[in-house]
Amino acid sequence: MLALVDGNNFYASCERVFQPELRGRPLVVLSNNDGCCIARSDEAKALGVKMAQPLHLVPPQVRRQLAIRSANFTLYGDMSGRIVAILRDAVPRVEVYSIDESFLDLTGVPDQEAFAHTLRQRIHRWTGIPNCIGIGPTKTLAKLANRLAKQGNGVFCLADEHISNPALAGTPVGDVWGVGPHYAERLAGHGITTAAQLRDASIQDILAGFGATLARTVRELRGQSCLALEDIEPDRQQIRVSRTFGDPVEDRLAMGQALATFLVRAAEKLRSRGLVAAALGVFASTDRFKSNTPQHHPNRVVALPRPTADTRLLLAQLRQILSGRFLRAGVHYRKAGVWLTDLARPQHVHGDLYSPATVGNERLMSTLDAINRRFGRGRAGFGASGWKGAPVWKMRQEMLSRRYTTCIDELPVVRC
DNA sequence: TCTGGGGTCCTAGGACCC
DNA sequence: TCTGGGGTCCTAGGACCC
């Protein structure tokens with residue numbers, strides 16, 4: 001049996017831990033650049049705020065009632081780590097599925113429901129994050145059980161004998177993990193609108209009409225495990241860093257500095273995972289919502305001469321891309337990003353007979369990383385990123401809370 | 001005025017091989 | 001009039017996830 005532990009309204013709950021005045025109030029957390037609502041407290045959901053709804057499309061009378069925060073991923077990432085530490089202490093095998101969800105292998109746990117109740121309370125007490133736990137024989141059923149737990153008392157078990165129970169008949173098919181809006185609509189055309197109907201559909205029909213992924217979901221709903229617990233995280237295939245700018249950027253120099261900043265960050269992520277990249281991609285785009293202005297969406301991928309994790313070599317490639325006709329003069333770009341692909345462990349890279357398989361100065365990079373780890377991200381950097389004050393391309397974050405758990409100057413103060 | 005960021009997997013079709 | 005069969009690899013696009 002597997003358990004899925006999920007933080008309730010996770011980002012909103014993280015904000016509430018350190019800002020008690022937000023408790024009981026309708027609260028939304030916005031995406032980067034203060035664009036969309038990506039987390040909502042129960043009270044905000046009750047007011048009708050939708051997931052990923054742009055804030056400016058929330059009706060003014062609703063918006064007036066909302067407490068609003070900019071996304072504070074530094075805080076959420078740290079809170080997530082605390083929860084994972086509790087989980088790893090409780091069971092040997094944990095798969096961290098996302099920032100607020102983990103799968104647990106409950107093999108060997110005698111009374112699983114009692115265990116889940118205890119664990120749930122411990123997480124709440126030790127971190128302040130309310131959470132729910134779903135238990136089921138497959139990941140898909142554990143996900144579904146988690147959803148049912150949220151409607152009930154925080155823990156729900158979909159044991160084998162219950163897989164045919166009314167819970168699945170009462171669950172819209174679109175709420176099943178792996179069924180998105182597009183599939184849900186097409187399934188409805190086949191008369192399948194509930195989880196129970198999907199479970200009972202013909203595997204052949206689903207395979208032919210929707211492909212292997214959804215057929216696997218059907219099997220999982222029947223209690224046949226098709227998705228293993230991945231407690232050893234597989235290596236990334238791609239690392240991407242991109243941002244929407246607070247204001248459109250026309251200036252080539254500013255665009256170059258923005259892209260260099262993203263690339264520096266991507267290379268840090270690459271090294272932190274012990275990988276090298278063999279290809280670099282760069283893109284930029286104009287505001288797709290402004291159809292009356294000139295649109296341009298340049299996108300280029302280059303193979304690197306040799307795989308590397310050296311920021312300087314990557315920046316040299318970026319410079320080369322930008323020296324061509326990548327950007328157009330006079331165009332206002334709204335978003336840009338870089339991605340590193342064809343990732344590999346350096347010891348697995350094939351070289352040729354006469355030259356090293358990978359290139360780059362590892363000692364220099366690890367020294368740089370050590371400095372930034374110790375003194376804060378960006379303390380030592382590269383001229384290409386720009387250095388004179390706040391960049392013109394910075395994102396909008398007008399309601400950002402403090403880094404309560406990761407910055408010594410921003411710790412919460414308790415008075416009594 | 002204002003619309004996120006970062007991932008994965010699968011499939012169909014084209015190019016190419018013998 | 002007549003034009004095979006079987007395979008791999010790559011890529012773009014679509015679907016999904018949080």
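Sequence lines set the chain letters: A, B, ... in the order given, protein chains first and strands last, and positions in each chain run from 1.
Residues from residues 72-80 of chain A lying near DNA chain B, meaning a heavy-atom separation below 4.0 Å, are absent.
A heavy-atom distance below 4.5 Å is found between the side chains of Arg240(A) and Phe283(A). Side-chain atoms of Asn33(A) and Arg334(A), non-hydrogen and from C-beta on, do get closer than 4.5 Å to each other. Taking the side chain as every heavy atom from C-beta outward, Arg69(A) and Leu22(A) approach each other to under 4.5 Å.
With hydrogens and angles left out, the side-chain atoms of Asp78(A) and Thr406(A) include no donor and acceptor closer than 3.5 Å. In this structure, a donor-acceptor pair under 3.5 Å is absent between the side chains of Asn9(A) and Ser41(A). Looking only at atom types and distance, the side chain of Thr193(A) has a donor-acceptor partner in the side chain of Gln197(A) under 3.5 Å away. Arg40(A) and Gln53(A) form no side-chain donor-acceptor contact under 3.5 Å, judged by distance and modelled atom types alone. In summary, the side chains of Arg271(A) and Thr311(A) do present a donor paired with an acceptor at a separation below 3.5 Å, with no hydrogens or angles considered.
Comparing dT3(B) with dC18(C), their P atoms are spaced 25 Å from each other, to the whole Å.
Residue Val29(A) is classed as having no contact, given no heavy-atom separation below 4.0 Å to the nucleic acid. Here Ile239(A) lies in heavy-atom contact (under 4.0 Å) with sugar-phosphate atoms only. Within 4.0 Å of Tyr183(A), counting heavy atoms only, lie sugar-phosphate atoms of the nucleic acid but no base atom. Heavy atoms of Asp100(A) sit under 4.0 angstrom from primed sugar atoms or phosphate atoms, though from no base atom. Counting non-hydrogen atoms under 4.0 angstrom, Arg216(A) reaches the backbone sugars and phosphates but no base. Residue contacts shown for Lys139(A) are absent, as no nucleic acid heavy atom lies under 4.0 Å away. The residue Trp339(A) sits apart from the nucleic acid: no heavy atom pair falls under 4.0 Å. When heavy atoms are screened at a 4.0 angstrom cut-off, Arg186(A) is found touching no nucleic acid atom at all. Using a 4.0 Å heavy-atom distance criterion, Phe210(A) is classed as making no nucleic acid contact. Across all strands shown, Glu101(A) has heavy atoms under 4.0 Å from sugar-phosphate atoms exclusively, and none from any base.
Look at Glu230(A) and Lys139(A) and you find no salt bridge, because none of the NZ, NE, NH1 or NH2 atoms lies under 4.0 Å from a carboxylate O. In summary, Arg396(A) and Asp34(A) do not engage in a salt bridge, as defined by a charged side-chain N under 4.0 Å from a carboxylate O.
Scanning DNA chain B for stems, defined as runs of 3 or more consecutive Watson-Crick or G-U wobble pairs whose donor-acceptor distances all fall under 3.5 Å, gives the following ranges: B:5-18 with C:5-18.
Taking the nucleotide of DNA chain B with the nearest heavy atom to each of Arg240(A) and Arg396(A), the more 5' of the two is matched to Arg396(A). Along DNA chain B, the nucleotide closest to Cys36(A) and the one closest to Thr213(A) are compared, and the more 5′ of them pairs with Cys36(A).
Surrounding CD of Gln151(A) are more than 12 heavy atoms belonging to other residues, nucleotides or ligands, all under 6.0 Å away.
Where DNA chain C meets chain A (any atom under 4.0 Å from a heavy atom), the bounding nucleotides read 5' to 3' are dA15(C) to dC18(C).
A cation-pi arrangement is absent between Arg300(A) and Phe326(A), since the terminal nitrogen or guanidinium carbon is not both under 6.0 Å from the aromatic centre and inside a 45° cone about the axis.
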